[in-house]
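Please read the structure below before turning to the comments.
Every chain is numbered from 1, with letters handed out A, B, ... down the list of sequences.
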2 protein chains.
Amino acid sequence: MITEPQSAGTPVEQSDPTRARLIEAAGQVFAEHGYQAATIRDICTRAGANVAAVNYHFRDKAGLYVAVLKNSMSASGQPEPKDIAAAGGTPEASLRLMIGAMLRRMNSNVTGRTCHMRIMVHEMAQPTEAFPRVVEEIIGPNYLAMRHILSKLLDKPADHDLTRLCAHSVIGQVVHYAHAGPVIALLWPDLKMTPERLDAVAAHISEFSLQAIQHLKETHSHE
Amino acid sequence: MITEPQSAGTPVEQSDPTRARLIEAAGQVFAEHGYQAATIRDICTRAGANVAAVNYHFRDKAGLYVAVLKNSMSASGQPEPKDIAAAGGTPEASLRLMIGAMLRRMNSNVTGRTCHMRIMVHEMAQPTEAFPRVVEEIIGPNYLAMRHILSKLLDKPADHDLTRLCAHSVIGQVVHYAHAGPVIALLWPDLKMTPERLDAVAAHISEFSLQAIQHLKETHSHE
DNA sequence: GACAAATTCAAACAACTGTTTTAATCTGGT
DNA sequence: ACCAGATTAAAACAGTTGTTTGAATTTGTC
């Protein structure tokens, strides 16, 4: 991040194998062990690079970490959940799409993405200095998109308490399968997260939530 | 745990200040930094003990960790959520009570309890060898109690897929406020987790879930 | 092919980790 | 008061960590 190798005129860091390999390997290791427990020797071994390479390319471990986060934010393999949801349609359909997109994204094993979720789990347990920024830039927009959908469904402002509570109810259900994955695997051994199963879970959460929301709209309609 | 100091006839470890202080301090440090990132020097400093004390009383760091977990399991300040729920009443009332108990328990700042939750968050990010046992002994019983309640509400067996999915929907909502606490604090700064607010959140989750469950019961009644 | 910059490498640095050792101190029973 | 065992204390151990150094090597350019 800090040091910019190659002659200064390079527009993007593309033709740098070790730098890219370092980010790739670091993404895996950070996702697996978290920032603190990850060792740069482990990262460099997987990347086939020397330990001094991280100092040369990223100055230090923290620099490598933010490079991984930046890469994880920009390198979009699939569209963001908020974009999926904003593509028109009824609010009900948008909510279903968004729930499915979030669930797939958090449980997919694509390198640039599942890392993303695993790293967030570690950030939750032990926030680094990059935490507020990640929340603001990655989670914030999706949270806002979710509230806009619920705002239409509930006929309340997006920052109304009921809207926020419902947003957390939906997000809580979705995040739970990624966050408490190890626990669920022990409590419900038969649950294999195949793509079909993922769709079934998404359908359940959608039904569960839409019915609850519809009822809450009626009981809170006169406030 | 392994070594049993004091003359062998001591019934319970009560008159041991340093051992108790060690467990107390370790609970805080483990909850804050997790098992790996916690240092025994930090623990011993807070406990006012020598570093060798952990070796003497618990053999090693892992022994101290399981001692903390055991203490956290046995030392029950408040009744377990599963016991609260099992105390009769309608299934609806039981679910409300259980949601409230879980939410309060996971967000309370009592030493022996909030540690419990914080430690679990760390276990989720980086499971230790004690992880399966903690899941089985602490989470498992409450998960089962929740499924029994939902079984009555849904008129399905406790291990039916729908029952389990609903259990995870409820648990996911509850756990979310404890697990994603740092994120929520940034996304919803106005939310202060006062006891009253906690009750309001519990009421919301209860309403949200009960309505969804009632609807799911109707749509799945002929399976 | 030669030169200068960019990049890689092996080695070492200081700081910190969990653990152990050895001696000193405290404790309760006679 | 004495003594054996329980408990504490200071110091050092071996291992790992992130980081740095300085030389070797590669790379692009004239």
Using the side chain to side chain donor-acceptor pair (under 3.5 Å) rule, collect all pairs that involve residues 186-195 of chain A, keeping only residues at least two apart or in two chains. T194(A)-E196(A)
Can I get a per-line list of side-chain donor-acceptor pairs under 3.5 Å for residues 35-42 of chain B, giving both atom names and the distance, sequence neighbours left out?
unit_1: Y35(B); atom_1: OH; unit_2: A62(B); atom_2: N; d: 3.3
unit_1: T39(B); atom_1: OG1; unit_2: D42(B); atom_2: N; d: 3.1
unit_1: D42(B); atom_1: OD1; unit_2: R46(B); atom_2: NE; d: 3.3

According to salt bridge (Lys or Arg N to Asp or Glu O under 4.0 Å), who are the partners of E137(B), at least two apart in sequence or on a separate chain? R133(B)
Between R19(A) and Y56(A), is there a side-chain donor-acceptor contact under 3.5 Å, judged purely by atom types and distance? no
Taking only side-chain N and O atoms of T18(B), does any of them lie within less than 4.0 angstrom of OP1 or OP2 on dT8(D)? yes
Tell me, do L64(B) and F30(B) make a side-chain contact under 4.5 Å, heavy atoms counted? yes
T163(B) meets the side-chain hydrogen bond (donor to acceptor under 3.5 Å, both in side chains) criterion, sequence neighbours left out, with none
Provide, to the nearest angstrom, the distance between the NZ atom belonging to K61(A) and the C1' atom belonging to dT17(D). 8 Å
Along DNA chain D (nearest heavy atom to each residue), the more 5'-positioned of A52(A) and A37(A): A37(A)
Value in whole Å for how far the P atom of dT7(C) lies from CG of L22(A): 13 Å
Describe the nucleic acid contact of A38(B) in one word from base, sugar-phosphate, nothing, applying a heavy-atom distance below 4.0 Å. sugar-phosphate
Please work out if A53(B) contacts a base, only the sugar-phosphate, or nothing of the nucleic acid, heavy-atom cut-off 4.0 Å. nothing
Tell me whether the side-chain N/O atoms of N55(B) come closer than 4.0 Å to OP1 or OP2 in dT20(C). yes
If you take any heavy atom closer than 4.0 Å to DNA chain C, which residues from residues 39-47 of chain B end up in contact? T39(B), I40(B), R41(B)
Name the residue closer to the 5' end of DNA chain D, choosing between G48(B) and Q36(A) according to the nucleotide with the nearest heavy atom. G48(B)
I need the CZ-C1' distance between F30(B) and dG18(C), as an integer number of Å. 12 Å
Y56(A) OH to dA23(D) C1', in whole Å, measures 15 Å
D199(A): which residues meet the salt bridge (Lys or Arg N to Asp or Glu O under 4.0 Å) condition with it, sequence neighbours left out? R104(A)
Taking only N and O in the side chain of N50(B), is any of them less than 4.0 Å away from OP1 or OP2 of dT8(D)? no
Measure the distance from CZ on R19(A) to P on dT7(C) and round it to the nearest whole Å. 10 Å
Between H57(A) and dT8(C), does any side-chain N or O lie under 4.0 Å from OP1 or OP2? yes
